[in-house]
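No experiment lies behind these values; they were computed from the predicted model shown. What's counted below: heavy atoms across the whole structure, side chains too, no hydrogens, waters or symmetry copies.
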Amino acid sequence: MPGATLSPWTMSYFATALVCLVAGLALTISGFGYPSSPIDDPASLVIVHLIAIGWLGLLFAGSLLQFVPVIASRQLQSPHLALPALLLTMIGLLLLLGGFLGLADIVPFWTWMLPAGGLLLTLAFAGLCWMVAGTLVAARPYSLPAKFVALGCVPLIATALVGLLFALSLSGLTDDPHLVGLLLSAGPAHAYLGLFGWMTITAIGVSYRLLTMFLLSPERTHGTSRTIGWLLAAALVAAGCGIFSDGAGLPADWPLHLAIALSGLAALLYAIDIHSIFRERKRKSVELNVMASLVAIGMLLSCFVLLAASILIGNPAGMVMPVAYLFIFGWLTGLGLGQLYKIVAFMTWLQFYGPVLGRTAVPRVQDLVNERRASLWFGLYFTATATATAVLILDMPDMFRAATFAQLTAVCALAFEFIQARRLAMVPAATRLPSAVAARRLILPSFNGRSR
């Protein structure tokens, strides 16, 4: 693919993201934060942002650095910003978490920590959008995945800016009544813009390219795909209106309800598109990463089914947190782990064997992983996620921690599988590189050439 390169910092993004995921699950198991505390408690906000920014934010950022050049068929614009964006995200997140811990009286509270963390995170995501949007704008004509990824950059910046305003308010540096009134109705919209507006729209766009590539399906733009784009754009506008509805004297929840309804319809059409891609595939054997992605898409649909059921029985508020948990860990995390399983092996193969391809015997990409063993861990993860959602609905906190422990076990096992793939531990002896070579390049940059 012309212009496609291996991003030197992608593995560093992925490794840091996995550390944040493990830390977030471990804190939850210990009884720290939700559900032991309300979701808006500072302790809960620590876990929420550790997962949302540390895990999902870095995962999506690292993925975009790698796949936007593939989508645009040209080199990444300003690739030198990748490392500063990673460092700013890590430092900003640590400051943000320190501020929340201070609000919870666990550590000393300094008023500057929250706004400083919010500012650094805003700069980091602005740098990411500069790289992504600049690369996509220079590409002609615009492909379907490129349009979705570009659309996702808008709510990303909006999420960062609203988060910065939250940080200013929570730190006590400002008590402006207009700002406080605005933020009272902005919390749900802030979460929606980040988790659905940026991450889900981006995931939909990238998955169109990845699944057609891995399944060898024809790359077509269906009518439903265009409809999905317009529905998601309308949902973003509705969610944005939700931020300002309170100040306009309107009911604060109706725009977000409209955004969720539009998103549910878009998710249904997306599932129909994925079914078409799956049905038209030329590769009959389905790899593990695709199966994991399909399960994650099923959990995305389940979120909207649960919301619809809660409305019918008259208890939508009681279903918000279980649905949010299923959305984050079933859909976004499930999809992320599934694609990581393939991406890590594929990038490792390109990095180590691409330069010698055609000059010596090389293994297949599948030789870098053990799908039979990893399938057990994916099965455990998705089963534990569904169980955790169910016990949240039933209000069984002890069972929830047990299910979370099973999730943590599966995540750690999958992280070990990723490390084994990076170390070339499962490659046949005849084509295996010296272990020291692979060990030196586990997560730090080591490749700066073109992929072939």
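Listed here is the closest heavy atom pair of Ala384 and Ala406: CB-CB, 3.7 Å. Nearest heavy-atom pair, Gly338 versus Ala292, reported as atom, atom and distance to 0.1 Å: CA-CB, 3.8 Å. Between Leu121 and Thr89, the shortest heavy-atom distance links the atoms CD2-O, 3.6 Å. The two atoms that bring Tyr192 and Ala239 nearest to each other are CD2-CB, 3.4 Å, heavy atoms only. The shortest non-hydrogen separation linking Gly118 to Thr122 is O-OG1, 2.8 Å. Closest approach of Ser302 to Leu326, counting heavy atoms only: CB-CD2, 4.0 Å.
Contact annotation: the side chain of Leu340 approaches that of Leu59 to within less than 4.5 Å [non-hydrogen atoms, C-beta and beyond]. With contacts defined as side-chain heavy-atom distances shorter than 4.5 Å, the pair Ser36/Arg401 qualifies. Between Leu232 and Ile204, some side-chain heavy-atom pair lies under the 4.5 Å cut-off. In this structure, the side chains of Glu287 and Tyr341 stay at 4.5 Å or more apart for every pair of heavy atoms. The side-chain heavy atoms of Ile201 and Leu236, taken from C-beta on, include a pair separated by under 4.5 Å. Between Thr200 and Phe327, some side-chain heavy-atom pair lies under the 4.5 Å cut-off. For the pair Leu408 and Cys412, the minimum side-chain heavy-atom distance is below 4.5 Å. At least one side-chain heavy atom of Leu93 sits under 4.5 Å from a side-chain heavy atom of Cys20.
In this view, Arg281 satisfies the salt bridge (Lys or Arg N to Asp or Glu O under 4.0 Å) rule with no residue, not counting sequence neighbours. A search for ring pair (Phe, Tyr, Trp, His ring centres under 6.0 Å) contacts involving Phe14 returns nothing, not counting sequence neighbours.
Ring geometry for Phe400 versus Tyr34: interplanar angle over 60°, hence perpendicular rather than tilted (30 to 60°). Taking the six-membered ring where tryptophan is involved, the planes of His190 and Phe166 are tilted, since the angle between them lies from 30° to 60°.
Atoms CG and CG, on Leu101 and Leu97 in that order, are 6.5 Å from each other to the nearest 0.5 Å. Going from atom CG of Leu424 over to atom CG of Asp367 covers 11.0 Å, rounded to the nearest 0.5 Å. Atoms CZ and CD, from Phe346 and Gln66 in turn, are 9.0 Å apart once rounded to the nearest 0.5 Å. Taken from CD1 in Ile228 to NZ in Lys147, the straight-line distance is 13.5 Å, to the nearest 0.5 Å. Separating the CG atom in Asp273 from the CG atom in Leu211 is a distance of 11.0 Å, to the nearest 0.5 Å. Rounding to the nearest 0.5 Å gives a distance of 15.0 Å between CZ of Arg209 and CZ of Phe148.
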What verdict does the side chain to side chain contact (heavy atoms under 4.5 Å, CB included) test give for Leu335 and Leu300, after you've listed the backbone C-alpha separation in whole Å, the side-chain angles of each residue and the deciding distance to 0.1 Å? CA-CA 10 Å; Leu335 181 72; Leu300 170 63; over 6 Å; no
Derivation and outcome, side chain to side chain contact (heavy atoms under 4.5 Å, CB included), residues Leu95 and Leu114: CA-CA 6 Å; Leu95 290 173; Leu114 283 172; over 6 Å; no
Apply side chain to side chain contact (heavy atoms under 4.5 Å, CB included) to residues Phe67 and Val149 and explain how you reach the verdict. CA-CA 10 Å; Phe67 286 107; Val149 173; over 6 Å; no
Go through the steps for Ile106 and Phe32 under the test side chain to side chain contact (heavy atoms under 4.5 Å, CB included), then give the verdict. CA-CA 12 Å; Ile106 297 174; Phe32 186 84; 3.5 Å; yes
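In this structure a side-chain-to-backbone donor-acceptor pair under 3.5 Å is present from Thr348 to Val344. Listed for the Thr202 side chain is no donor-acceptor partner under 3.5 Å among the backbone atoms of Met199. Formation of a donor-acceptor pair under 3.5 Å by the Trp9 side chain with backbone atoms of Leu81 is not found in this model. Distance alone, capped at 3.5 Å, places no donor-acceptor pair between the Tyr381 side chain and the Val411 backbone.
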Contacts under 3.5 angstrom, residues 46-58 side chains, donor-acceptor by atom type, not counting sequence neighbours:
| from | atom 1 | to | atom 2 | distance (Å) |
| --- | --- | --- | --- | --- |
| His49 | ND1 | Leu45 | O | 2.8 |
| Trp55 | NE1 | Thr333 | OG1 | 3.0 |

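Here side-chain hydrogen bond (donor to acceptor under 3.5 Å, both in side chains) pairs that include residues 226-237, with residues two or more places apart or in two chains, number zero. Residue pairs meeting the salt bridge (Lys or Arg N to Asp or Glu O under 4.0 Å) criterion with at least one partner in residues 368-397, sequence neighbours excluded, are Arg373-Glu417. The list of ring pair (Phe, Tyr, Trp, His ring centres under 6.0 Å) pairs with a residue in residues 259-312, not counting sequence neighbours, reads Tyr208-Tyr270.
At most 12 heavy atoms of other shown residues, nucleotides or ligands fall within 6.0 angstrom of atom CZ in Phe405. For Met399, the CE atom sits in a loose shell: 12 or fewer heavy atoms of surrounding residues, nucleotides or ligands are nearer than 6.0 Å.
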